[in-house]
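Computed over heavy atoms, backbone and side chain alike; hydrogens, waters and symmetry mates excluded. Chain identifiers are assigned alphabetically (A, B, ...) following the order of the sequence lines, protein sequences preceding nucleic acid strands; residue numbering begins at 1 within each chain.
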Number of protein chains: 2
Amino acid sequence: MTIAKYPSEFNDDAPLQDVLTWRLHIVHSKLNVQAARFLEENSGIPLAYWRIMLAIGPSGSTTHSGIRRTTMMDKGQLSRCLKGMVEDGLVATRGDDTDQRQQRLSLTAKGRRIFGKTLPKMRQRQRFLMAGLSKTETKSIFSALEKLELAAEARVFSV
Amino acid sequence: MTIAKYPSEFNDDAPLQDVLTWRLHIVHSKLNVQAARFLEENSGIPLAYWRIMLAIGPSGSTTHSGIRRTTMMDKGQLSRCLKGMVEDGLVATRGDDTDQRQQRLSLTAKGRRIFGKTLPKMRQRQRFLMAGLSKTETKSIFSALEKLELAAEARVFSV
DNA sequence: ACTTTTTCGTTGACTTGTCAACTAATTTGA
DNA sequence: TCAAATTAGTTGACAAGTCAACGAAAAAGT
C-alpha cells in the first residue's frame with residue numbers, strides 16, 4: 001500500500017475515525033439508542049412519539065404538516081405514528097373548521113401526563129450530555145452543525 | 001401554557017432547534033442523504049458499500065468481524081451487504097488458513113478501481129464540508145463528539 | 001364558474017436497520 | 001480429553017425509514 005493511494009486521513013488503523021461525517025454517524029447512532037432505551041424504560045413510548053409530542057407541545061394544537069415542519073419527518077411515517085398515538089390515547093384529533101383536509105392535533109390528558117413526566121427527565125439528559133462540554137465546545141458545535149447543515153444541501157463540492 | 005411547564009429551551013416556535021441531539025439528528029440525516037445520492041450518481045454504489053470499502057481498504061485484507069470493529073455495523077446487515085458486494089464483483093473472499101470460521105476479505109480489481117475513483121471525490125466532499133469551519137470549530141466539534149460518544153453510553157444521567 | 005394546480009394526509013411497496021435464533025468452529029478449563 | 005463457553009458468520013422475523021401513487025379538499029388562474 002502506497003501513501004499516494006491511501007493517505008493518512010484514511011489510514012489502516014483508524015480509517016474512519018477522523019472523518020467528520022463518520023464520527024457524526026456513530027455518535028448520533030449511540031445517542032439514538034440511548035434515548036430510545038431511556039424513553040422505553042421510563043415512559044413506555046418510542047423515540048418517534050416523543051419527538052412528535054415535543055412538536056405538538058403540552059398545550060399546543062398543531063396540524064399534521066405543522067409537525068412535519070418542525071420535525072422534518074416523512075409524511076407517511078408521521079401519518080402512521082400519529083395513528084398509533086391516537087390508538088394509544090396520547091393524541092386527540094378534531095377536524096379543522098376552515099380546512100377540511102387537515103386535522104387539529106393535541107395531546108390528550110394521558111398524553112400530557114406522560115409528556116410532563118418525561119420532559120424533565122429528557123432535560124436532565126440534555127444537561128448531562130452537555131455537562132462535559134466547555135463553553136467553547138458548546139458554542140462551536142452548534143455553529144459547526146449549522147454550517148454543516150447548509151453544506152449538506154449542496155450537490156457539488158467545490159471548495 | 002405556563003413558562004413553568006414548558007420553558008424556553010423548548011419553546012413553541014422552535015421547540016427542537018436548540019436541543020443538541022435533535023440538531024445532530026437533522027444534520028446527520030441530511031449528510032447521509034447527500035452522501036448516498038452522490039455515491040449512487042458517481043460510483044453506483046450504496047453508502048453502506050462505501051463504508052465497507054473504506055474499512056477493507058484498497059490493499060487490505062480483513063475479516064467480517066474486522067470490518068465490524070471499525071464500522072460498528074450490525075452483524076446481519078454486514079453479512080448481507082458483503083454477499084451483495086461479492087455478487088457485484090467488488091469483494092473477494094478466501095478462507096482463513098488458521099480459523100475455518102472466518103474468511104479473509106479483500107477488494108477485487110473492480111472494487112479497487114471503484115474505490116480509487118471514489119476516494120478523491122469523497123475526500124473533496126469532506127474538505128468542502130469542513131471548509132466553512134474555523135480552526136476552533138473543527139477542533140471543538142471533534143472533541144465535543146468524543147465526549148458525547150462517551151456520555152451516550154451512560155444509562156443514568158447524573159450530572 | 002370552472003378547469004388546473006397545489007396542498008393535505010393516507011396507503012402500499014420497498015429498502016434499510018435491528019434483534020434474536022441458529023450452525024459450525026474454536027477456545028477454555030475441569 | 002471432553003464438556004462448556006466463546007466467537008464467526010448466516011438467516012429469519014420484524015421495526016423503522018423512504019419513496020411514490022393516490023383521492024379529497026382548497027387555492028390559483030382563466
Side-chain angles (χ1 to χ4, degrees), chain A residues 25-26 28-37 39-41 44-52 55-56 61-88 91-105, chain B residues 22 25-37 39-41 44-52 55-56 61-88 91-105:
Chain A
H25 177 71
I26 296 297
H28 169 256
S29 134
K30 290 190 179 180
L31 286 169
N32 251 17
V33 169
Q34 183 188 52
R37 188 177 51 189
L39 281 168
E40 180 52 46
E41 284 171 2
I45 56 170
L47 182 51
Y49 280 24
W50 175 242
R51 286 175 179 156
I52 293 172
I56 299 180
S61 155
T62 332
T63 66
H64 192 124
S65 63
I67 298 176
R68 223 146 74 70
R69 264 190 298 279
T70 60
T71 65
M72 305 189 78
M73 281 176 76
D74 177 75
K75 262 179 165 184
Q77 194 189 0
L78 179 57
S79 176
R80 281 178 253 252
C81 261
L82 282 169
K83 207 169 81 180
M85 294 178 83
V86 170
E87 276 166 15
D88 295 351
V91 167
T93 65
R94 58 179 186 76
D96 188 290
D97 300 328
T98 64
D99 188 337
Q100 299 208 296
R101 286 169 307 178
Q102 57 189 11
Q103 301 176 337
R104 310 295 315 174
L105 301 164
Chain B
W22 178 258
H25 176 72
I26 296 297
V27 173
H28 169 255
S29 134
K30 290 189 179 181
L31 285 170
N32 252 16
V33 168
Q34 183 189 51
R37 187 178 50 190
L39 280 168
E40 180 52 47
E41 285 171 1
I45 56 170
L47 181 51
Y49 280 24
W50 175 242
R51 286 175 179 155
I52 292 172
I56 299 180
S61 154
T62 333
T63 66
H64 192 126
S65 64
I67 297 177
R68 222 146 75 69
R69 264 190 298 280
T70 60
T71 64
M72 304 189 80
M73 281 177 76
D74 177 75
K75 259 179 167 185
Q77 194 189 0
L78 180 56
S79 175
R80 279 179 257 253
C81 262
L82 282 170
K83 207 169 81 180
M85 293 177 84
V86 170
E87 275 166 16
D88 295 352
V91 168
T93 65
R94 59 179 186 76
D96 188 289
D97 300 328
T98 65
D99 189 337
Q100 298 208 296
R101 287 169 305 180
Q102 55 189 11
Q103 303 174 338
R104 310 296 314 175
L105 302 163

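- Rounded to a whole Å, the CZ atom of R69(B) is 11 Å from the P atom of dT7(D).
- Rounded to an integer number of Å, the gap from CG of D96(A) to C1' of dA24(D) is 15 Å.
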Worksheet, complete the sentence: Nucleotide by nucleotide, nucleotides 10-16 of chain C touches protein heavy atoms under 4.0 Å in the pattern (B base, S sugar-phosphate only, - none) BBBB---

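- With sequence neighbours excluded, no residue satisfies ring-ring contact (aromatic ring centres under 6.0 Å, His included) with H64(A).
- Annotation: the span from K75(A) atom NZ to I67(A) atom CD1 amounts to 14.5 Å, rounded to 0.5 Å.
- One interatomic measurement links the two molecules: CG of L39(A) to P of dA16(D), which rounds to 13 Å at whole-angstrom precision.
- In the set dA8(D), dT26(C), dA26(D), dT26(C) carries the atom at the smallest distance from any side-chain atom of D99(B).
- Among the heavy atoms of the strands, none lies under 4.0 Å from S29(A).
- For the pair S65(A) and dG9(C), the criterion of a side-chain N or O lying under 4.0 Å from OP1 or OP2 is met.
- The side chain to side chain contact (heavy atoms under 4.5 Å, CB included) test with R68(B) singles out one residue from D74(B), T62(B), L78(B), T63(B), and that residue is L78(B).
- Backbone-only contact: T98(B) has heavy atoms under 4.0 Å from sugar-phosphate atoms and none from a base.
- Rounded to whole Å, atom C1' of dT7(D) lies 17 Å from atom CD1 of I67(B).
- R80(A) pairs by the side chain to side chain contact (heavy atoms under 4.5 Å, CB included) definition with nothing, not counting sequence neighbours.
- What separates CG of D97(B) from P of dA25(C) is a distance of 16 Å, to the nearest Å.
- The base of dT7(D) sits within donor-acceptor range of the side chain of R101(B), with an N or O pair under 3.5 Å.
- Atom CD in Q102(A) sits about 7 Å away from atom P in dC8(C), given to the nearest Å.
- A pairwise comparison of heavy atoms in T71(A) and R51(A) identifies CG2-O, 4.0 Å as the closest pair.
- Taking atom CG of residue N32(B) and atom P of nucleotide dA16(D), one finds them 19 Å apart after rounding to whole Å.
- Pairing each heavy atom of L47(A) with each of A35(A), the nearest pair is CD1-CB, 4.1 Å.
- Residues D99(B) and D96(B) share a closest heavy-atom pair of N-OD1, 3.1 Å.
- Rounded to a whole Å, the CD atom of E40(A) is 14 Å from the C1' atom of dT18(C).
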